[in-house]
Amino acid sequence: MFRESFVMSLQNIRGNKMRSFLTMLGIIIGVTAIIALITIVTGVTNEVTSRFTELGAGKINVRANGTVLKRGITESDMQKLSQIENIAGVSPNVSLTLPVSNGGTLTDDVIIEGRSDIYFRNNDVIAAGRPLSPVDMDPHSRVCVINAEAAREFFLQQNPLGGRLVIGGLNYTVVGVLKDSDNDVMSQMNRMMNSAGKINIVIPYKAALRMTGMGNITSLELYMTDTGQSEETMRQIEMVLDQAFNFKDNSYSLINLDSLLDTMNTITSMMTTMLAGIAAIALLVGGIGIMNMMLVSVTERTTEIGLRKALGAKPSIIQTQFLMESVVLSLLGGLIGILLGNLISYVVAYLIGFTFVMSVDAVAIGFFFSAGIGVLFGWAPANKASRLNPIDALRSM
Amino acid sequence: MSNTILDMRDINKIYLMGEEESHVLKDVTLTIERGEFVAILGPSGSGKTTLMNIIGCLDTPTSGAYFLNNREVSGLDEGELAAVRSKDIGFIFQSFQLLARLNALKNVELPLIYGGLSPHKRHAIAETTLTRVGLQDKLYHFPNQLSGGQQQRVAIARALANNPTILLADEPTGALDQHTGRQVLALFHELNDEGHTIIMITHDISIAKKAGRIVEILDGRLSCRERDIYV
Ligand SMILES: Nc1ncnc2c1ncn2[C@@H]1O[C@H](COP(=O)(O)OP(=O)(O)O)[C@@H](O)[C@H]1O
Ligand SMILES: [Mg+2]
């Protein structure tokens, strides 16, 4: 009997192609919106999250603007920061531009970064040679680590390890080569601001500080042990820095990518909820459309219903048939919506550049929503059909 | 076992239209034996269709007892009545009442669907009954591809499909010309000869005379005179 009802509903939908399609349109739009929304938002969020994680999960960046009395962070401030429970390491970052030569050609305005051994312990950036070590953290240490672009520029095809560079008039020995990666925040930002393929040279931060002529550090990178406690850790960092800068406003700023990510997640979930609401309205409108079509269909087929009853159809069978019809109609719309939604997501993924993953959740939601709407809005018309008096129905012939 | 398949006693049907009562059937008492061919004759508005609806279990009487196949049916609910219609009644309507989007075979299969038969059996029975009414060449024709007489034959095949206790025909020749009407009546006779019980409703005395027995209805009352003639 179920099979017959199914076949009959398909026949009726096929018999009224245009009307059925227009009726399904609301469901199609609603389900398409839901599918595309969930798939695209999930895809983008995953992409951004994984980028962020690559960039700086568990990292807190401190930028000190300083005050008139105290221009930056001192060694003792760093010492206090490193004693915070959840802080695994404090890495200072001194940035300056200097002329560099290999004894022959001279290149102006090369970005030189001063870093400590802590940085190399927390970031896997060495491709060849060795990283900067604790013994290099001496104002007179003259070693450097360079990136592949710098190796090309200053050493051509030769092995740069052990090579000499004159940086700001001082002789340095190359001890390591950096990986060509965009995994760390600085090079990522450099990439965003400048063209790719920048020369990058890292020297011990104490040597760098000496060359700047200032004793203060303006930028730090802190590494957390447990990213889950980032808020508490941030508070403790603020306490230390507030004390260091005597509670002056705007004397420093903190950037934690984890909390940034939290904020972003809040925004996307708010957006998703809002758009899901709009999709739900589309589905509601679609449901009303289906109800309308089914009511028209019941009226049109009054005689047929009467005849079927005369031929022995029980009221429950008539009800099943009309319910089946509205569910099939709605599900058909839902299936088209699922296809369209995934198609749109696929195209958008390709255009924006995130990985398209079909969301099983979204497909399930689309499927059950459309089936549910078919039942919900088909119920009243089906009930009306089942209660038609066969005599009245046949009399209208 | 008695051969009486229809036994109605003091059936009344009263319609309520607002305040007014309309007494359409008045103390109708009627018995019909297995294998009879009965015509119910009466002018328009006399209550023929109302009586047929009650006989066919589409409607229930206001009062009175009705036994179909020795089973009291006047107190049954809608679902049970549907089951009785499916098993015992084969309707034939004046305007055929075929579903236009189904071919002859599918139209005949309809009552078999509600009788709960498998698709395979339905097809076989529909084909046999359509052959019985002489439409073996028209199995896949749609109603609009058939003449009026052929359409009524499809309707008769449909009524026969479930092998019902009674064939119930309301003005079966009303929409047909005289010639085709006579052919349909001839088919009724053949079916009656094969043992089918037929109740035919008509307002036309010349058609009623083709039946084995005439029951006259006038203003909701069965006429005793015709019953006397028969007895
Ligand atoms: N549902 C109804 N409500 C009120 N009156 C009805 C209804 N059905 C039939 N009648 C009345 O009953 C009478 C007999 O109708 P019907 O049985 O159709 O007669 P016939 O078939 O002999 O022409 C008519 O006067 C008609 O108006
Ligand atoms: Mg009538």
Side-chain angles (χ1 to χ4, degrees), chain A residues 1-20 293-294 296-325 328-329 382-397, chain B residues 13 15 24 49-60 76-103 106-119 122 155 158-162 164 168 170-171 174-175:
Chain A
M1 197 58 68
F2 230 65
R3 214 186 73 118
E4 273 74 37
S5 298
F6 182 70
V7 172
M8 279 189 236
S9 49
L10 279 188
Q11 280 169 346
N12 195 50
I13 288 167
R14 214 176 323 138
N16 291 301
K17 278 198 200 73
M18 193 62 190
R19 193 166 79 182
S20 302
M293 157 143 178
M294 292 312 296
V296 169
S297 180
V298 170
T299 310
E300 273 181 356
R301 289 194 279 163
T302 299
T303 321
E304 178 186 329
I305 295 164
L307 174 75
R308 287 179 186 275
K309 284 193 165 181
L311 297 181
K314 291 190 170 76
S316 59
I317 287 171
I318 301 285
Q319 185 165 26
T320 308
Q321 192 197 323
F322 277 86
L323 208 53
M324 179 76 86
E325 200 166 311
V328 167
L329 197 67
N383 214 31
K384 184 183 168 183
S386 77
R387 284 209 306 252
L388 271 182
N389 182 346
I391 306 160
D392 297 338
L394 281 170
R395 204 186 293 278
S396 66
M397 64 195 181
Chain B
K13 183 69 187 179
Y15 286 113
V24 180
T49 299
T50 306
L51 179 59
M52 186 194 85
N53 287 340
I54 291 173
I55 293 173
C57 294
L58 281 171
D59 204 355
T60 46
L76 299 183
D77 70 23
E78 257 202 90
E80 292 166 325
L81 287 175
V84 172
R85 290 197 293 272
S86 174
K87 186 173 144 300
D88 289 323
I89 309 290
F91 283 101
I92 297 156
F93 302 96
Q94 177 172 354
S95 51
F96 323 138
Q97 297 285 8
L98 300 178
L99 292 188
R101 63 199 145 76
L102 302 184
N103 62 29
K106 291 289 175 196
N107 263 293
V108 176
E109 281 188 32
L110 275 181
L112 298 167
I113 292 177
Y114 301 125
L117 273 75
S118 70
R122 293 203 302 256
R158 183 180 62 190
L160 283 170
N162 264 345
L168 204 49
D170 190 2
E171 310 265 13

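Because the structure is a prediction, the values reported are computed rather than measured. Quick note on labels: first sequence line is chain A, next is B, and so on, each numbered from 1. Any value given below was found using the heavy atoms of this structure, including those in side chains, with hydrogens, waters and symmetry copies removed.
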*When heavy-atom pairs shorter than 4.5 Å are enumerated against chain A, which of B/L110, B/V84, B/L58 gives the highest number?*
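Top count of heavy-atom pairs under 4.5 Å with chain A: B/L58.
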*Name the option with the most non-hydrogen atom pairs under 4.5 Å to chain A; the candidates are B/N53, B/L102, B/D59, B/L99.*
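Among B/N53, B/L102, B/D59, B/L99, the one with the most close pairs to chain A is B/L99.
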*Would you mind checking which part of B/P164 comes under 4.5 Å of any heavy atom in chain A, side chain (CB onward), backbone (N, CA, C, O), both or neither?*
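Neither part, no heavy atoms under 4.5 Å.
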*Just checking, any donor-acceptor pair under 3.5 angstrom between side chains of B/T49 and B/D170?*
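Indeed, the side chains of B/T49 and B/D170 share at least one donor-acceptor pair under 3.5 Å.
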*Most contacts with chain B, counted as non-hydrogen pairs under 4.5 angstrom, among A/A310, A/P390, A/G15*: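 Highest number of pairs under 4.5 Å: A/A310.
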*Heavy-atom proximity to chain B below 4.5 Å, by part of A/R301*: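 The answer is the side chain of A/R301.
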Heavy-atom side-chain proximity of [X] to [Y] below 4.5 angstrom:
{"X": "A/L311", "Y": "B/R85", "answer": "no"}
{"X": "B/K13", "Y": "B/L51", "answer": "no"}
{"X": "A/S297", "Y": "A/F322", "answer": "yes"}

_Derivation and outcome, salt bridge (Lys or Arg N to Asp or Glu O under 4.0 Å), residues A/R308 and A/E4_ = CA-CA 13 Å; A/R308 287 179 186 275; A/E4 273 74 37; over 6 Å; no
